[in-house]
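Beneath this line is the structure, given in structure tokens, with notes to follow.
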Amino acid sequence: MGLPPNFLANYKNDPSRDSFIGLHYFPATEAENLGKPAHKDPSCFTIVYQDEVRGLQVHKDGQWIPIAPSKDKLVVNIGDVIQVLSNNKFKSATHRVVRPRETDRYSYAFFYNVQGDKWVEPLPQFTKEIGESPKYRGFVFDEYLQLRLRNLTHPPARPEDLMDITHYSISN
Ligand SMILES: O=C(O)CCC(=O)C(=O)O
Ligand SMILES: [Fe+2]
């Protein structure tokens, strides 16, 4: 990101808390199964390991690109927090899981999060220091996670509000 080494670790400032590991098991069914629909992770970034069954796809230039699994490959997805910190210079990756037919699939995701009470807003390095106005207003990280949960039970009227972190965007 062009920031000093350890910037994110210091920003996060309590390494013992608030990272999150997800173990996913997508059991086999006869039909091809959309294991996880298109979404962006709310994390800073996410490290994913998928087994040889494959299924992870990233959306790029209007197409779904399959990510080939490999025993010694980890996938790093940029999440919404880095998108906000970098004022849109680094975009949160849209991705989904399509599990092949009749195959069990396992994957492991490590979500690198800031603490729940952390205030998140575009960093000066990506705004006033380079003469750009902030594209987001600040928010407490937990508040955003709550909003994501609420969106599951009360879907927002505009579909883009479900996918993107538009809730805090400043239109100028
Ligand atoms: O199972 C995978 O490969 C990725 C899962 C994922 O995108 C997520 O848990 O956010
Ligand atoms: Fe994800």
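Heavy-atom contacts from other residues, nucleotides or ligands closer than 6.0 Å to CZ of R150 number 12 or fewer. For E160, the CD atom is densely surrounded, since the number of other residues' heavy atoms within 6.0 Å is greater than 12.
Of all heavy-atom pairs spanning M1 and F126, the tightest one is O-CZ, 3.4 Å. G116 and V140 make their closest contact through O-CG1, 3.2 Å (heavy atoms, listed as atom of the first residue, atom of the second, distance). Residues S92 and K40 share a closest heavy-atom pair of OG-CB, 3.4 Å.
Side-chain contact check for W64 versus T94: some heavy-atom pair is nearer than 4.5 Å. When side chains are defined from C-beta on, V75 does not count as touching I47, because their heavy atoms never get closer than 4.5 Å. Contact annotation: the side chain of F45 approaches that of L8 to within less than 4.5 Å [non-hydrogen atoms, C-beta and beyond]. Contact check for V114 versus C44: side-chain heavy atoms found under the 4.5 Å cut-off.
At distances below 3.5 Å, at least one donor-acceptor pair connects side-chain atoms of R137 with backbone N or O atoms of H167. Looking only at distances, a side-chain donor or acceptor of R105 sits under 3.5 Å from a matching main-chain atom of R54. Distance alone, capped at 3.5 Å, is enough to place a donor-acceptor pair between the Q50 side chain and the I67 backbone. Listed for the N87 side chain is a donor-acceptor partner under 3.5 Å among the backbone atoms of S133. Looking at D41, its side chain never comes within 3.5 Å of a backbone N or O of S43 through a donor-acceptor pair.
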Self-check item: Pair T46-N77, side-chain hydrogen bond (donor to acceptor under 3.5 Å, both in side chains): steps then yes or no
Solution: CA-CA 5 Å; T46 308; N77 278 329; 5.9 Å; no
Self-check item: Check against side-chain hydrogen bond (donor to acceptor under 3.5 Å, both in side chains), Y106 and E52
Solution: CA-CA 9 Å; Y106 293 87; E52 68 282 359; over 6 Å; no
Practice problem: Decide yes or no on side-chain hydrogen bond (donor to acceptor under 3.5 Å, both in side chains) for S70 and D72, but give the supporting numbers first. | Solution: CA-CA 5 Å; S70 160; D72 49 13; 2.7 Å; yes
Practice problem: Could you check E121 against W119 for side-chain contact (heavy atoms from CB on, under 4.5 Å), going step by step and ending with a plain yes or no? | Solution: CA-CA 7 Å; E121 65 184 346; W119 183 254; 3.4 Å; yes
Practice problem: Under the ring-ring contact (aromatic ring centres under 6.0 Å, His included) rule, what do Y168 and F139 come out as? Steps first, then yes or no, please. | Solution: CA-CA 8 Å; Y168 306 106; F139 58 91; 4.1 Å; yes
Quiz prompt | Steps toward salt bridge (charged side-chain N to carboxylate O under 4.0 Å, His left out) verdict (K91, D80) | solution = CA-CA 7 Å; K91 293 282 178 60; D80 292 338; over 6 Å; no
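Side chains of N88 and Y136: a donor-acceptor N/O pair is present below 3.5 angstrom, by distance only. For the residue pair H95 / H59, no side-chain donor-acceptor distance below 3.5 Å is found, with atom types taken as modelled.
Here S107 contributes atom OG and R99 contributes atom CZ; the two are 12.0 Å apart, rounded to the nearest 0.5 Å.
Relative ring orientation between Y49 and Y108 is described as tilted, the plane-to-plane angle lying within the 30° to 60° band.
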